[in-house]
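The model shown is predicted, which means the values in this text are computed figures rather than measured ones. In listed order, ligands and their atoms are each counted from 1.
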Amino acid sequence: MKPDKLADGVYRVAAKVGVRDLFEGIWPIPDGVMLNSYVVMGTNKRVLIDMVKDWDGALSDVSAQLQSLSLGSLPLDYIVINHMEPDHTGAMAKIVEQFPGVEILCSEKAVPLIKHFYKIEKQVRAVKDGETLDLGGKTLQFLMTPNIHWPETMMTYVKEDGILFSCDAFGSFGRYDHCFDDELNEQEMEHLASETERYYANIVSSFSSFVLKGVAKLDGLSITMVAPSHGVVWRGEPQKIIGWYKRLATYMQGPREKEVAVVWSSMYGNTQALLSSIVDGLRSEGVVVHVLQVPQTHESFVLEKVWRSEGLVIGMPTYEYKMFPPMYHVLDILDRSHVQGRKVIRFGSFGWSGGAQKQFDEFTTSMKLDCKGVIEYQGSPTEEDKKKAYELAKALAKEIKG
Ligand code: FEO
């Protein structure tokens, strides 16, 4: 790739990676992900903001772009670390080796992590909230925004240009041929929308209360561009991605979309036999229904739809006196991601004995779910069970519509 110019002396140096990999070792990224670093060049000092992991050739790609900006013949004075996760710091030791005189600037909490991850101590300096750094015609300001999504996270703002470097915050999955939001066509923008919601649900949702605090902290800043470390640079509509994250964060406590996620699994078709009654009952009230089969659908996509939805239906049989194991895994992920307070129905079959419901009740308590009913049956459902499922689902949809 080539560097992209954001403003005079401000560039993105990025790499496209990961199509064959799982992000964080968990989340599928069939369209990969962008690793965006940024260079700010003042008249006196030059800064690299965030780095990359040596992933799919990202380090050599970004290094070549740094060379093309004459960094190498000119000194790099600082590396700013907004976030310590290795997708942004994995190549730190190699980059420091390349620029031995560089000073690393980060939040106080990042200092011990740099030592433990990369054995670098000497040239590291913690910056304070609101502190500024004069580069000569460019002034960086550091904003502590903890827990979006690690405790050490911060953002960096270029005062003269109004550019906010937000690292993971305001990021998206996916690789994009264009640097800026205003260069995307309608289809590319739809893809970005879906990959932004999935990224948020997978990576950031647990930290939604901190997202709201972080967004509030940006009030009063004149922001012309939001430049995250994943996804595109928001130049056309910088407030759109900020508002979008705010809406996604509010899904934790609500209000949420008037939609229902039906997450179901079945061993021999007896739990599945009730599915159409449930879906028909929900759709009879005109609400949007997302139907997701487990384990055939990866939890990454399940979480994306559950996160936005006010209603949740879990279809799951008993397996060896407990919950069907793939559904246990999905509920554990939802619980860890702070999916709470949804209105829920559960249905499912059992053979010799039940047991799934007892274990599901523990999730109901932990996730503060508002249980609207359970339909559990031995073997296959009766016509009466199907009628009851339809009516229960219809009542749930009605309540969600308000
Ligand atoms: Fe993109 Fe939390 O690292």
Side-chain angles (χ1 to χ4, degrees), residues 12-19 21-38 48-59 61-62 79-93 95 104 106-107 109-114 116-118 142-156 164-176 179 192 195-211 213-215 226-234 241 244-245 248-249 300 303-304 307 333 336-338:
R12 180 184 81 154
V13 287
K16 297 174 181 175
V17 300
V19 173
D21 300 311
L22 296 173
F23 193 79
E24 293 185 337
I26 305 177
W27 314 108
I29 40 173
D31 188 38
V33 68
M34 302 296 306
L35 295 182
N36 301 330
S37 301
Y38 298 92
L48 175 63
I49 298 178
D50 293 319
M51 292 169 286
V52 295
K53 170 185 164 173
D54 197 1
W55 181 6
D56 279 352
L59 178 58
D61 195 351
V62 163
I79 295 171
V80 169
I81 295 174
N82 283 321
H83 173 33
M84 270 300 295
E85 196 159 8
D87 50 335
H88 309 292
T89 60
M92 187 188 296
I95 291 177
I104 297 170
C106 59
S107 70
K109 285 193 171 159
V111 174
L113 281 188
I114 294 172
H116 295 305
F117 273 73
Y118 304 112
F142 306 108
L143 306 165
M144 297 301 141
T145 50
N147 298 305
I148 316 176
H149 62 136
W150 278 18
E152 87 295 350
T153 45
M154 65 178 201
M155 298 185 194
T156 301
L164 181 72
F165 300 104
S166 56
C167 203
D168 274 359
F170 311 124
S172 315
F173 287 142
R175 299 175 308 164
Y176 302 91
C179 174
L192 176 64
E195 285 294 70
T196 300
E197 291 219 6
R198 191 166 68 89
Y199 172 90
Y200 185 92
N202 292 183
I203 309 299
V204 190
S205 59
S206 294
F207 306 92
S208 290
S209 58
F210 295 99
V211 171
K213 280 184 200 163
V215 167
V226 173
S229 290
H230 303 296
V232 299
V233 175
W234 295 81
I241 187 66
W244 202 343
Y245 260 60
L248 289 165
S300 168
L303 177 54
E304 177 199 347
W307 184 252
I333 292 282
R336 286 164 183 252
S337 302
H338 289 66

Set of side-chain contact (heavy atoms from CB on, under 4.5 Å) partners for Lys16, sequence neighbours left out: Met1, Met34, Arg175, Asp177
Ring centroid separation His230 to Phe173 under 6.0 Å: no
Measure from the side-chain N and O atoms of Asn202 to the backbone N and O of Arg198, and report whether any donor-acceptor pair falls under 3.5 Å. yes
Glu195 CD to Ser172 OG distance, which is reported to the nearest 0.5 Å: 8.0 Å
Applying side chain to side chain contact (heavy atoms under 4.5 Å, CB included) between Cys167 and each of Glu85, Met84, His88, report the one that passes. His88
At a cut-off of 2.8 Å, list the protein N/O/S atoms near atom 2 (Fe) of ligand 1, residue plus atom name. His83 NE2, Glu85 OE1, His149 NE2, Asp168 OD2
Here's a test for you: under side-chain hydrogen bond (donor to acceptor under 3.5 Å, both in side chains), which of Thr89, Asp50, Asp168 qualifies with His83? Asp168
